[in-house]
Amino acid sequence: MTRMNELVMFNGKVVCPRCDGNGLLYKAKVTDLGNQMIYICDECEASWQDNIPIRRDTFEDLSTYLEKKGCNYRDAEIVNLGYDWYMNS
Ligand SMILES: [Zn+2]
């Protein structure tokens with residue numbers, strides 16, 4: 001996948017391009033949104049939908065994203081699918 005070219009790895013995990021090394025991105029699915037796949041930073045909660053290139057200028061706050069979809073951060077069921085997603089993509 002082309003998106004990998006822009007991402008920095010740390011200990012086999014993908015570094016968040018928004019908070020510059022503080023956070024790592026895990027893949028998650030939002031059960032309430034028909035199992036929509038997203039990537040979330042474990043530090044700053046920047047998020048990227050599955051079909052969006054992961055870059056600093058394309059992130060969306062997780063809460064903003066959920067609200068836009070008619071969900072909210074507190075009630076949304078988000079399943080963490082782990083940090084090794086880049087190996088399978
Ligand atoms: Zn981050």
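In what follows, residues are counted from 1 in the order of the sequence shown.
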Q: Can you tell if the side chain of Met37 reaches within under 4.5 Å of the side chain of Leu81, non-hydrogen atoms only?
A: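 A side-chain contact exists here, since the closest heavy-atom pair is under 4.5 Å.
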Q: Heavy atoms, side chains only, cut-off 4.5 Å: are Val79 and Thr31 in contact?
A: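 Yes, their side chains come closer than 4.5 Å.
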Q: Minimum heavy-atom separation for Cys16 to Cys19, with atom names?
A: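 Result for this residue pair: SG-N, 3.5 Å.
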Q: Is there side-chain contact between Asn72 and Leu66, with heavy atoms separated by less than 4.5 Å?
A: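 Contact flag for Asn72/Leu66 side chains = no.
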Q: Give, for atom SG of Cys41 and atom CZ of Phe59, the distance between the pair rounded to the nearest 0.5 Å.
A: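 The SG atom of Cys41 sits 10.0 Å away from the CZ atom of Phe59.
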Q: Check this for me: does any side-chain nitrogen of one of Asp61 and Arg18 sit under 4.0 Å from a carboxylate oxygen of the other?
A: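 The answer is yes: the pair qualifies as a salt bridge.
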Q: Report yes or no: does Ser47 contribute a side-chain atom to a donor-acceptor pair with the main-chain N or O of Glu60 at less than 3.5 Å?
A: yes
Q: Hey, is the main chain of Glu77 close enough, under 3.5 Å, to the side chain of Asp32 for a donor-acceptor pair?
A: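 Flag set: sc Asp32 to bb Glu77 pair under 3.5 Å.
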Q: Measuring only between side-chain heavy atoms, which start at C-beta, is Leu62 closer than 4.5 Å to Tyr73?
A: yes
Q: Should Trp48 and Ile40 count as side-chain neighbours, where that means a heavy-atom distance under 4.5 Å?
A: no
Q: Do Glu43 and Leu24 have side-chain heavy atoms sitting under 4.5 Å apart?
A: no
Q: Within this structure, what is the CD-CD distance for the pair Gln36 and Gln49, rounded to the nearest 0.5 Å?
A: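 Separation between the atoms: 5.0 Å.
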Q: Should Asp57 and Pro17 count as side-chain neighbours, where that means a heavy-atom distance under 4.5 Å?
A: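 Counting from C-beta outward, Asp57 and Pro17 never come under 4.5 Å.
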Q: How close do Met9 and Val15 get, counting heavy atoms only, and between which atoms?
A: C-CG2, 4.0 Å
Q: Could you tell me how the ring of Trp85 sits relative to the ring of Tyr39: parallel (under 30°), tilted (30 to 60°) or perpendicular (over 60°)?
A: tilted
Q: Heavy-atom distance under 4.5 Å between the side chains of Ile38 and Leu33, does that happen here?
A: no
